[in-house]
Amino acid sequence: MKVTILYDNEVKKRGLKADWGFSALIETEKASPILFDTGADSPTLLHNMKELDIDPKNMGIIVISHAHGDHTGGLYEILKENETAELYIPSSFRRAFSGRKVTIVGKDAIQIGENVFSTGELGGIEQSLALKTNKGIFVVVGCSHLGVRNILRAAAKFGKVYGIAGGFHGFRDFKTLDELSLISPCHCTQYKKEIKKLFKDETLECGVGLVIEL
Ligand SMILES: [Zn+2]
Ligand SMILES: [Zn+2]
């Protein structure tokens with residue numbers, strides 16, 4: 001399994017664009033790729049996809065973590081490019097998508113694809129992904145508005161959590177990360193420096209173009 005960062009406040013490679021927002025692509029062995037969030041604007045997202053040789057038409061599923069514009073802004077252009085992808089959106093994201101298969105995710109965890117699960121819309125705000133890998137559960141988060149600890153607890157239902165990537169927002173209860181082997185604080189994480197200092201060996205600096213092989 002592979003997670004590629006497509007949209008982030010920072011970049012890891014030349015030619016890619018940084019902007020406030022988040023998007024990641026999840027590639028599994030058999031199924032078509034899953035797009036998790038769509039960043040704040042479509043020109044930036046589509047530019048980064050093109051540079052990373054990712055075709056928006058290939059995505060089979062699009063998951064939106066929560067209703068904020070820095071995660072949903074690129075969605076409509078992607079839907080124009082890709083007419084078949086199924087959507088998994090949290091119930092708080094009230095939009096109609098005609099002619100498309102849409103799963104409204106409520107508070108309960110659900111399976112999205114092989115080895116890919118949603119934690120459910122925790123706190124009535126936000127869903128995160130739990131990826132089942134050989135190393136354990138890898139969690140992909142949008143902004144963690146409801147708290148990293150709560151998300152990790154929900155993800156632990158699927159197995160022992162190995163790592164996490166995404167926006168941690170104002171998270172600073174750092175001991176919550178003690179058991180993890182891979183930590184990639186992205187996007188809105190306010191305490192990136194502190195996390196890197198505390199978890200030197202486990203931290204992977206996030207940015208557009210980062211590929212996490214799992
Ligand atoms: Zn947000
Ligand atoms: Zn955000």
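Whatever order the structure lists ligands and atoms in, that order sets their numbers, starting from 1.
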Visitor: Check whether any N, O or S atom of Cys143 sits under 2.8 Å from the Zn ion (ligand 2).
Guide: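 Checking Cys143: at least one N, O or S atom is under 2.8 Å.
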Visitor: Just checking: His187, one of its N/O/S atoms, less than 2.8 Å away from the Zn ion (ligand 2), yes or no?
Guide: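 A backbone or side-chain N, O or S atom of His187 is under 2.8 Å from the Zn ion (ligand 2).
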Visitor: In His68, which N, O or S atom comes closest to the Zn ion (ligand 1)?
Guide: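 Closest to the Zn ion (ligand 1) among those atoms: ND1.
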Visitor: Mind checking whether the Zn ion (ligand 1) has an N, O or S of His66 under 2.8 Å?
Guide: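 A backbone or side-chain N, O or S atom of His66 is under 2.8 Å from the Zn ion (ligand 1).
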Visitor: Quick one: do Phe36 and Met1 end up in the same hydrophobic cluster if we chain Ile, Leu, Val, Met, Phe, Trp and Tyr together by side-chain heavy atoms under 4.5 Å apart?
Guide: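 Same hydrophobic cluster.
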Visitor: Asp70: which N/O/S atom is nearest the Zn ion (ligand 2)?
Guide: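 Restricting Asp70 to its N, O and S atoms, the minimum distance to the Zn ion (ligand 2) goes to OD2.
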Visitor: Is any N, O or S atom of His71 under 2.8 Å away from the Zn ion (ligand 2)?
Guide: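 His71 does place an N, O or S atom closer than 2.8 Å to the Zn ion (ligand 2).
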Visitor: For Lys12, is the NZ atom crowded, meaning more than 12 foreign heavy atoms sit under 6.0 Å from it?
Guide: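 Counting other residues, nucleotides and ligands, NZ of Lys12 exceeds 12 neighbours.
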Visitor: Side chains of Ser92 and Glu121: any donor to acceptor distance under 3.5 Å?
Guide: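 On atom types as modelled, these side chains qualify, holding a pair under 3.5 Å.
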Visitor: Within a strict 4.5 Å, meaning less than it, do heavy atoms of the Met49 and Leu6 side chains meet?
Guide: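 Yes. Closest side-chain heavy atoms under 4.5 Å.
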Visitor: Any heavy-atom pair between the side chains of Thr189 and Phe171 that's under 4.5 Å?
Guide: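 Contact flag for Phe171/Thr189 side chains = no.
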